[in-house]
Every structure is written in C-alpha cells, then in structure tokens.
**Student:** 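Sending over a structure as structure tokens; questions will come in a sec.
As the structure is a computational prediction, the values presented were derived from the model and not from experiment.
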Amino acid sequence: MTGSAFVTAVLWSYGIAAVGFLAFAARLALGWRHSTRASMLLAVVVVTALWAAAAMAVVVWPAAQTWLAANALDALRYAIWFAFLASLLQGKSIAAGAETRRQRSTAVIVAVALLAQVALSEGYAFARIVGPQARTIEFGLRLGLAVFGLMLIEFLLRRAHPQSRWGLKPLTLGLAGVFAFDLFMYAQAMLFGQIDPDFWVARGIANTLAIPLIAISTARNTDWTIDMHMSRGVVFHSTALILSGVAVLTIAAAGYFVRYLGGDWGRALQIELLFGALLLTVLVASSGRFRARLSVFVSKHFFSYRYDYREQWLRFTRTLSAETSLQGLQVHSIKALADLVESPSGTLWLAQEGEGLRPVSRWNMAALTDAEPASGSLAQFLQRTGWVIDVNEFRGDAGRYPGLALPPWLSAMPNAWLVIPLASGAELVGFVVLTTPRAPIVVDWEVQDLLKTASRQAASYLGQIRASEALLEARKFDAFNRMSAFVVHDLKNLVAQLVLMLRNSERHHANPKFQQDMLATVEHVVGRMNRLMLQLRANSAPVESTRPVDLAAVVERITAAKTKAGAAIGLVLAPGIAAIGHEDRLEHVIGHLVQNAIDATTGRGSVEVRVASEGDFAVVDVTDTGVGMSAEFVRDRLFKPFETTKAEGMGIGVYESSQYVSALGGRILVDSTPGKGTRVRLLLPTAARTQPAAAALQDVT
C-alpha cells in the first residue's frame with residue numbers, strides 16, 4: 001500500500017469510528033440518567049471517539065505527541081471498559097461488605113489498567129532509546145490487556161444468571177470481538193516485530209462494528225438507567241450489513257488465494273470468482289426468503305418478543321389505508337395479514353347474503369371458486385371459537401381442533417397454512433387462507449394474538465367499506481326514487497290537462513279555435529313528457545344549462561292557461577325582469593304555486609300574481625284570499641315530501657319546487673293565516689348573482 005493510499009485508508013477507517021462513536025455518545029447523553037454505570041458507559045464511548053480522532057492525527061501529524069495521545073487514550077478506554085465490566089461482575093448485591101469489595105476490586109482493576117496506560121504511553125519514547133526490545137515489551141503489554149479483557153468477559157458470562165445473559169450477550173460479543181482483534185494484531189506484532197499496517201487500518205472499523213451490539217445491550221438493561229430504544233429495523237439492517245461485510249471479506253480472501261495459487265490463470269480466475277460471488281450476493285440480498293429468515297433470526301436472538309408491535313401496527317394500518325375501494329382493500333387486507341407472518345400469498349373469503357362465504361379476492365395466488373357454506377364445519381368452528389387454524393397442525397393432530405372437519409377444497413390446497421377468521425363483534429365476516437411462509441415460523445401464543453387482533457382490524461375496515469358502498473347505493477336508489485316521485489307528480493299535472501281537454505272536447509270538438517288549443521296542449525304535454533324521460537335517462541342531471549328567463553312572459557303564459565280553465569287571476573308585472581334557471585322548470589314551479597292558490601280559493605276569493613325586483617333577486621309573489629295554513633303546518637310539514645292538505649294531492653310539488661329553487665340559489669317564503677289567505681314569495685337569482693352549484697342542482701333536478 002502506497003503512502004497516500006495508507007493515509008486515505010486510515011482517515012476513512014478511523015474517521016468512521018470517530019463519527020460513529022460520537023453519534024452513539026450523543027444518543028446516550030440524550031437518554032442519560034444519573035448512574036455510575038451510565039456514566040462509565042458514556043465516558044468510554046466518548047474516549048473511544050477521541051482515540052479514533054487521535055489515530056487520524058497520527059497519520060496527518062506524525063509526531064511523538066500524537067503517538068503518545070493515541071496510546072494514552074487507547075489505554076484509558078481499556079481502563080474504563082475494565083471498570084465497567086467489573087461493576088457488572090459485582091451485580092446488584094447490597095449484602096454487608098459487598099459495596100466495599102466492589103470498590104476494592106474496581107480500584108485494583110483500574111489501577112492495573114492505568115499502570116498499563118503509563119507503560120504504553122512511554123512505549124514510543126522508550127523504543128526510540130532502547131530499540132526493538134522495547135517495542136516487544138509494548139506489544140506484550142497490549143497483548144496482556146486484550147487477554148485480561150477476554151478473561152473478564154468469560155468470567156462475567158459464567159457468573160451471570162441465565163436470565164441476565166440475554167441482556168449481556170450482545171455487549172460481551174461486541175467487546176470480545178474488539179479484544180480478540182487486538183489479541184491477534186499484537187500477537188502477530190510480537191512475532192514479526194512490528195504491527196501489520198493493514199490490521200492497524202482495519203482496527204477503526206472493527207471497533208465501529210461493536211456499536212450496534214453495545215446499543216442492544218444498553219436498550220435491554222434498564223438498570224444501567226440509560227433510556228435507549230433499539231428498533232428491530234436498526235438491528236435487522238445492522239445484522240444484514242455485518243453479514244454483507246463478512247461475505248465481502250470471505251470473497252476477497254478466496255479471490256486472493258485463487259490468484260495466489262492459480263498460476264497464469266490466477267488473475268482471470270479471481271475476476272470470475274468475484275463476478276460470480278457478486279451475483280450470488282445480490283441474489284441472496286434480494287431474496288424474500290433470505291430477508292424473512294434473517295428477520296426471524298434477529299427477532300429470536302436479539303429481542304424477548306418476536307414483534308416490534310408499534311412498527312407492525314403502523315405498517316399494518318398503512319397497508320390497509322392505502323386503498324379506499326372495496327376490491328383494493330380486500331387485496332391489501334390479505335397482504336397486511338400475510339406480511340405479519342412472512343406468508344407469500346393468500347385468498348380472502350367473505351360472507352355473501354344467501355350464498356355462504358365465497359372467495360372474493362386473492363394475492364399472489366391462482367383463482368379459487370370453492371364456496372364455504374355458512375352452516376359448514378369450517379365456518380361454524382371459526383364462528384364459535386375465533387381460533388386461527390394451523391392446517392399443518394390439524395393434519396398432524398386433529399384433536400387440537402375439536403369439532404372441526406376441513407372442507408375438501410382446503411385439504412386439497414398443497415401450501416395451505418393458516419386460516420384466519422375475520423370477525424366483527426360476534427359476526428363472522430369472512431376468513432383468509434395464507435400459504436406456507438418463506439421462513440419457518442412457530443405459531444405460538446404471540447403470533448396467534450397478533451393475528452387475531454389484526455384480523456379484527458381488517459374485518460372492521462372491510463365492514464366499513466362495504467357499509468359505505470351500500471349507503472352509496474342506497475343514496476343512488478333514493479335519488480332515483482325521489483326523481484321518480486317528481487316525474488309522477490309532473491305526469492299527474494299533465495294527465496289533468498289531458499283529462500280537462502277530453503271533457504271539453506264533447507262540447508267543443510267542432511270549434512276550430514278549440515281544436516287549435518287542443519293541438520297546442522297535446523304538443524306541450526308531449527314535449528314535457530319527452531323532457532322528463534330525457535331527464536331520467538340523464539340520471540337526474542339537467543337537460544340544458546341555466547340561462548336568463550323572462551319571468552313576465554312565463555307568468556303571462558301560465559295565467560292565460562289558467563284563465564281558460566275558468567280562474568280569475570290578477571296580474572302586476574314589471575317588464576324586463578329575468579331570472580337564472582331553466583324556463584320549463586320555472587314555468588312548472590310558478591304554475592304549481594298559482595294552481596295551489598286557485599285550489600285554496602273558493603267563492604269570491606281572489607288570486608294575484610306580481611313580478612318585481614328586489615336587489616339581486618327577481619321576485620314572484622303569488623297571493624290568494626283562500627283558506628290559508630297554520631304556522632305549524634308551514635314550519636313543520638309544508639316543505640316535507642308527501643305532506644299535503646289536498647284529498648288527491650301527493651305532497652311532492654312544494655318539496656320539488658323548494659329543492660329546485662334552493663339549488664338555483666333562491667328561496668321560497670310563505671306567509672299564511674288560516675281563514676285569511678296565503679302569500680308565497682318566490683325569490684330567484686338574477687344574472688348579477690352567483691350561478692348555482694352544478695352538484696347541488698343535480699341532486700334536485
């Protein structure tokens with residue numbers, strides 16, 4: 001390795017170590033609480049970061065002072081680690097004299113480490129005076145520190161209670177790796193009289209790899225009083241990174257020996273080996289089965305519980321909420337449950353009214369058509385117990401599932417693994433069948449509880465979406481029924497016109513003027529009926545867009561038709577007043593109000609229609625001196641559908657008119673007194689006011 005390459009490698013290796021330990025120290029400091037062990041742990045992490053920085057300074061400023069600083073910091077971190085391990089050896093004993101023995105043991109170990117520090121700190125200067133023999137002494141002292149550290153770890157593991165080893169294993173593994181690395185490096189240095197530069201360069205990265213293991217033990221041991229959480233994701237990726245590093249080192253070593261022993265073909269064989277190994281590494285890293293097995297390994301050996309429930313629940317909820325349609329949610333429900341147990345595929349059965357449970361969706365599986373009757377053994381067992389069925393366990397010992405007989409279609413599925421019920425309260429909504437997982441998973445109580453809870457959440461999501469779609473469908477039918485009621489009401493009025501015409505035809509059929517009026521009436525009725533049919537086909541949408549309508553002309557046509565029928569109507573019309581709307585619909589609304597006024601007026605009563613303008617509104621007043629209405633009827637019943645005071649009325653006209661006028665942006669005001677008459681004020685927007693909302697207009701037209 002050239003000089004510049006060596007400097008670059010040292011800066012990278014120890015730079016990564018310095019940054020890693022500083023970041024770890026910052027994380028520890030954020031969760032630190034007063035404790036001797038916590039203080040020692042934080043101190044050793046900080047000192048290790050300083051040691052890595054001093055090692056970088058050695059190659060940047062190669063002077064005796066930088067060597068002395070690096071040696072002193074190296075020995076100091078050993079001393080603190082020894083003190084920390086000694087405190088762990090003492091445990092939590094508070095018996096008589098225990099605290100004194102602990103302090104004595106700790107003092108002895110620290111004293112030994114500090115003496116070693118002094119010796120090592122002087123090692124470089126001593127070597128300059130005496131020669132190579134001093135170097136050997138220095139290497140021997142360092143080798144002794146590494147051996148002593150390994151002895152402490154071994155003694156700690158032997159003395160630790162079996163229940164405590166779970167929390168100590170990551171720490172002891174990390175420190176054993178650090179001490180073993182130094183042991184090998186200084187043993188080789190004693191044999192050859194100098195430190196191997198490559199080992200010294202790699203020492204920074206080797207210490208950095210111990211950080212995740214130390215962090216895991218810190219998170220597991222609450223008595224260290226450092227509040228720290230190590231997520232499964234971090235451990236998973238750290239483990240994957242370590243395995244990748246081991247794989248790369250193995251490949252590199254194999255390539256070196258192939259090149260060394262391969263003769264003339266050595267370099268070519270090395271390239272081929274590296275290329276093949278790279279492809280294999282990418283294949284393994286991208287394999288779902290490998291990730292599943294690694295996830296199971298991490299959960300089993302690094303954590304007391306299989307799942308990080310917070311992360312699992314967040315992922316489960318994100319998967320379910322990613323879709324709002326029923327079909328999409330069905331697929332996501334299968335995937336969300338399958339991800340919990342590393343299953344690669346599944347199928348969903350849902351209860352259908354009168355059809356039992358039918359397969360409605362699948363994920364990474366071939367389509368199935370087999371239905372399960374609601375009265376079948378499987379559905380009844382799931383309904384009764386709510387258990388998650390392990391198909392393999394049932395095949396091995398059916399007695400664990402009393403009263404259950406697997407249906408033929410399920411028994412014939414080669415990879416069927418779990419049957420998960422979807423229950424909403426006491427009702428069985430459906431069930432999910434998952435296939436064999438990518439990595440072997442024991443379906444214990446923890447898996448069972450998680451699947452049951454998750455399945456209930458999925459069932460509630462599915463039930464909510466199905467209820468929403470049913471409500472939407474009901475609203476569509478309601479809109480259609482409401483429109484049908486409007487159409488029937490309009491047809492009733494049109495039929496009334498035709499009936500009146502037929503009655504008069506017996507007396508006036510030979511009158512040319514009557515014949516012209518009859519043809520005009522039939523033409524009007526046909527045109528109105530065609531528009532009603534077109535409006536139904538358009539799903540209640542208006543046939544034409546709104547436009548300015550001359551109200552005076554509309555009122556004149558209405559009163560002319562009513563006058564021919566024998567009604568006396570007074571008119572007060574202001575010319576040039578236009579309202580925004582549909583001419584035929586406005587004619588229908590005003591005509592309905594006028595007809596109601598005529599029907600309510602008996603004897604010598606009168607009806608008057610006035611057209612005027614008030615601000616941004618065009619106003620049509622229909623006043624009569626008829627029977628009138630009570631305030632309670634106007635307030636509570638007049639604008640409700642199917643409420644009427646007429647013997648032959650349907651109670652739709654006023655409701656339909658108010659809905660249409662409101663959609664235009666107008667209002668209908670009613671002032672009525674029983675026995676004195678009624679005044680209905682129709683306020684319609686003019687071109688100067690805001691146009692009606694199309695969506696609102698579609699709901700009432």
Side-chain angles (χ1 to χ4, degrees), residues 471-494 496 528-529 531-549 551 554-555 558 579-597 599-600 616-622 629 632-646 649-672 678-686 689-701:
L471 179 60
L472 179 60
E473 184 177 352
R475 286 179 176 175
K476 290 180 179 179
F477 274 107
D478 178 67
F480 183 81
N481 292 336
R482 183 172 56 180
M483 185 61 201
S484 299
F486 294 158
V487 170
V488 170
H489 180 269
D490 289 348
L491 288 176
K492 180 182 73 71
N493 293 334
L494 295 175
R528 179 64 180 159
M529 292 180 69
R531 284 192 292 271
L532 289 175
M533 296 299 297
L534 183 61
Q535 193 169 324
L536 279 175
R537 288 196 299 269
N539 194 22
S540 301
V543 176
E544 58 183 12
S545 59
T546 58
R547 60 184 180 84
V549 178
L551 293 180
V554 171
V555 171
I558 293 172
I580 297 298
H582 305 88
E583 185 169 357
D584 60 328
R585 300 301 305 274
L586 288 177
E587 184 173 346
H588 171 72
V589 170
I590 298 173
H592 176 75
L593 297 179
V594 173
Q595 185 62 48
N596 283 349
D599 294 340
D616 292 336
F617 286 99
V619 181
V620 179
D621 280 342
V622 180
M629 297 173 289
E632 292 77 13
F633 181 86
V634 173
R635 181 183 66 247
D636 300 330
R637 299 175 57 190
L638 178 61
F639 295 102
K640 298 292 180 64
F642 311 111
E643 295 285 349
T644 181
T645 58
K646 300 179 183 179
M650 297 181 61
I652 290 293
V654 175
Y655 174 71
E656 178 189 10
S657 299
S658 66
Q659 292 286 298
Y660 176 71
V661 171
S662 297
L664 290 175
R667 288 177 292 170
I668 297 179
L669 306 178
V670 179
D671 182 13
S672 184
T678 301
R679 180 188 182 190
V680 179
R681 307 198 73 208
L682 179 63
L683 279 68
L684 297 169
T686 62
R689 284 187 62 85
T690 306
Q691 297 293 323
L697 193 60
Q698 290 178 7
D699 289 340
V700 299
T701 57

**Student:** Of all the heavy-atom pairs spanning L683 and V661, show the shortest one and how long it is.
**Tutor:**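 Nearest heavy atoms, L683 then V661: O-CG1, 4.0 Å.
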**Student:** Sequence neighbours left out, what passes side-chain hydrogen bond (donor to acceptor under 3.5 Å, both in side chains) with S662? Give chain and number order.
**Tutor:**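 S662: no side-chain hydrogen bond (donor to acceptor under 3.5 Å, both in side chains) contacts found.
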**Student:** Search all heavy atoms of L586 against all heavy atoms of G581 and return the closest pair with its distance.
**Tutor:**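 Between these two residues, the closest heavy atoms are CD1-CA, 4.2 Å.
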**Student:** Less than 4.5 Å apart, side chain to side chain, heavy atoms only: is that true for V620 and V554?
**Tutor:**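 Of all side-chain heavy-atom pairs linking V554 with V620, none is under 4.5 Å.
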**Student:** Side chains of R667 and R681, heavy atoms from C-beta outward: is any pair under 4.5 Å?
**Tutor:**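 No, side chains not in contact.
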**Student:** Stepwise, does the side chain to side chain contact (heavy atoms under 4.5 Å, CB included) test hold for N596 with V622?
**Tutor:** CA-CA 10 Å; N596 283 349; V622 180; over 6 Å; no
**Student:** How far does CG of L638 sit from CD1 of I668, to the nearest 0.5 angstrom?
**Tutor:**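 It comes to 8.5 Å.
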**Student:** Find the distance between CG (L593) and NE2 (H588) and round it off to the nearest 0.5 Å.
**Tutor:**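 One finds 9.5 Å between CG of L593 and NE2 of H588.
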**Student:** Considering non-hydrogen atoms only, spot the tightest contact between A618 and A579 and give its length.
**Tutor:**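 Between these two residues, the closest heavy atoms are CB-CB, 4.2 Å.
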**Student:** To the nearest 0.5 Å, tell me how far Y660 OH sits from L684 CG.
**Tutor:**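 CG of L684 is found 8.5 Å from OH of Y660.
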**Student:** Is H582 close to T546 at the side-chain level, that is, under 4.5 Å between some pair of heavy atoms?
**Tutor:**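 Yes - at least one pair of side-chain heavy atoms lies under 4.5 Å apart.
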**Student:** Quick one: does L669's side chain get under 4.5 Å of D671's, heavy atoms only?
**Tutor:**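 A side-chain contact is absent here, since even the closest heavy-atom pair is not under 4.5 Å.
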**Student:** Kindly write out the residues that satisfy side-chain hydrogen bond (donor to acceptor under 3.5 Å, both in side chains) with R679, not counting sequence neighbours, or none if the list is empty.
**Tutor:**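 R679 satisfies side-chain hydrogen bond (donor to acceptor under 3.5 Å, both in side chains) with D621 only.
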**Student:** What heavy-atom pair brings M629 and S672 nearest, and what distance separates the two atoms?
**Tutor:**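 Closest pair (atom of M629, atom of S672, distance): N-OG, 2.7 Å.
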**Student:** State, yes or no, whether a side-chain contact exists between R585 and L664 at a heavy-atom distance under 4.5 Å.
**Tutor:**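 No, every pair of side-chain atoms sits at 4.5 Å or beyond.
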